[in-house]
Amino acid sequence: MFKRSHFTIEQIEDITMPTTVTEIFDCLVEEIKNAVADRGFLSVCNRAMELGLSGGPSDSEFSVGYRFEGSDSTGDMLSLYVRSYDPSGPMQVRPRLTRFTIAVSENCVVKLEYEDEYEGSNRWRREVLKNARDRHDNGSEARKLV
């Protein structure tokens, strides 16, 4: 269900995009918390792209993953890794695990870090398939997701 927000012109003019890595970190941490509560992850990836981070899918044979990076004028580096995978092994049946890791580092030293995860829900597959269909409908090549 969509939430509708009403803003005045003055409020919209006061809204500014985060510009520092720390501000982007805070924004993405909130988005991660919402995604965990909703049992999804593409909202975090979409928000990362909206905020100007570079990156995208980094899928492997057994998982769906996204990596994003960015830096600011101070030299701080932000990295975001989103991964959804099946941790089951032989003779085990475990729910799918979706994990978020975001960090801010300066000169390879981590200054800020946040991790969150959730188990279960096949919603990730529906989101990924819908995203692939949307890319295909927009004229882009959609990857076959199994």
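Given the structure is predicted, the values throughout are model-derived calculations rather than measurements. Throughout, numbering of the chain's residues begins at 1 and tracks the sequence.
- Here Glu115 pairs with nothing under the salt bridge (charged side-chain N to carboxylate O under 4.0 Å, His left out) rule; sequence neighbours left out.
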Apply salt bridge (charged side-chain N to carboxylate O under 4.0 Å, His left out) to the pair Lys33 and Asp116, showing each step before the final yes or no.
CA-CA 8 Å; Lys33 290 177 183 178; Asp116 208 342; over 6 Å; no
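- Pairing each heavy atom of Thr101 with each of Glu113, the nearest pair is CG2-OE2, 4.4 Å.
- Thr20 places a side-chain N or O within 3.5 Å of a backbone atom of Glu23 that can act as its donor or acceptor partner.
- Between Thr98 and Ser84 the shortest heavy-atom distance is OG1-OG, 3.0 Å.
- Counting all heavy atoms, side chain and backbone alike, Arg99 lies closest to Leu97 at NH2-CD2, 3.4 Å.
- Of all heavy-atom pairs between Tyr66 and Cys45, the closest is CG-SG, 3.5 Å.
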Please determine whether side-chain contact (heavy atoms from CB on, under 4.5 Å) holds for the pair Phe100 and Val44, giving the CA-CA distance in whole Å, both sets of side-chain angles, and the decisive distance to 0.1 Å.
CA-CA 9 Å; Phe100 303 87; Val44 175; 3.8 Å; yes
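- Here CG of Leu78 is found 8.5 Å from OG1 of Thr22. Values are rounded to the nearest 0.5 Å.
- Inspection of the Ser43 and Glu31 side chains reveals an N or O donor paired with an N or O acceptor under 3.5 Å.
- Using modelled atom types, one side-chain atom of Tyr118 and one backbone atom of Arg39 make a donor-acceptor pair closer than 3.5 Å.
- For the atom pair Leu80 CG and Phe25 CZ, the distance stands at 10.0 Å (nearest 0.5 Å).
- Residue Val110 shares its hydrophobic cluster (ILVMFWY side chains chained together at separations under 4.5 Å) with no other residue.
- Looking at every heavy atom in both residues, Gly70 comes nearest to Val21 through O-CG2, 4.3 Å.
- Atoms CD1 and CZ, from Ile102 and Phe68 in turn, are 11.0 Å apart once rounded to the nearest 0.5 Å.
- Hydrophobic clustering (ILVMFWY, side-chain heavy atoms < 4.5 Å, transitive): Phe41 and Tyr81 are in distinct clusters.
- The salt bridge (Lys or Arg N to Asp or Glu O under 4.0 Å) analysis of residues 62-72, with sequence neighbours excluded, yields no pairs.
- If you chain together hydrophobic residues whose side chains sit under 4.5 Å apart, Val29 and Leu53 fall into the same group.
- Summarising the geometry of Arg83 relative to Ser63, their closest heavy-atom pair is NE-OG, 4.0 Å, with the distance given to 0.1 Å.
- In this structure, CG on Leu51 lies 11.0 Å from CG on Asn46, to the nearest 0.5 angstrom.
- Taken from CD1 in Ile32 to CZ in Arg47, the straight-line distance is 12.5 Å, to the nearest 0.5 Å.
- Formation of a donor-acceptor pair under 3.5 Å by the Asp86 side chain with backbone atoms of Ser88 is found in this model.
- In the hydrophobic clustering of ILVMFWY residues, with side-chain heavy atoms under 4.5 Å counting as a link, Tyr114 and Leu112 come out together.
- Remark: Asp76 CG to Glu106 CD distance equals 5.0 Å, nearest 0.5 Å.
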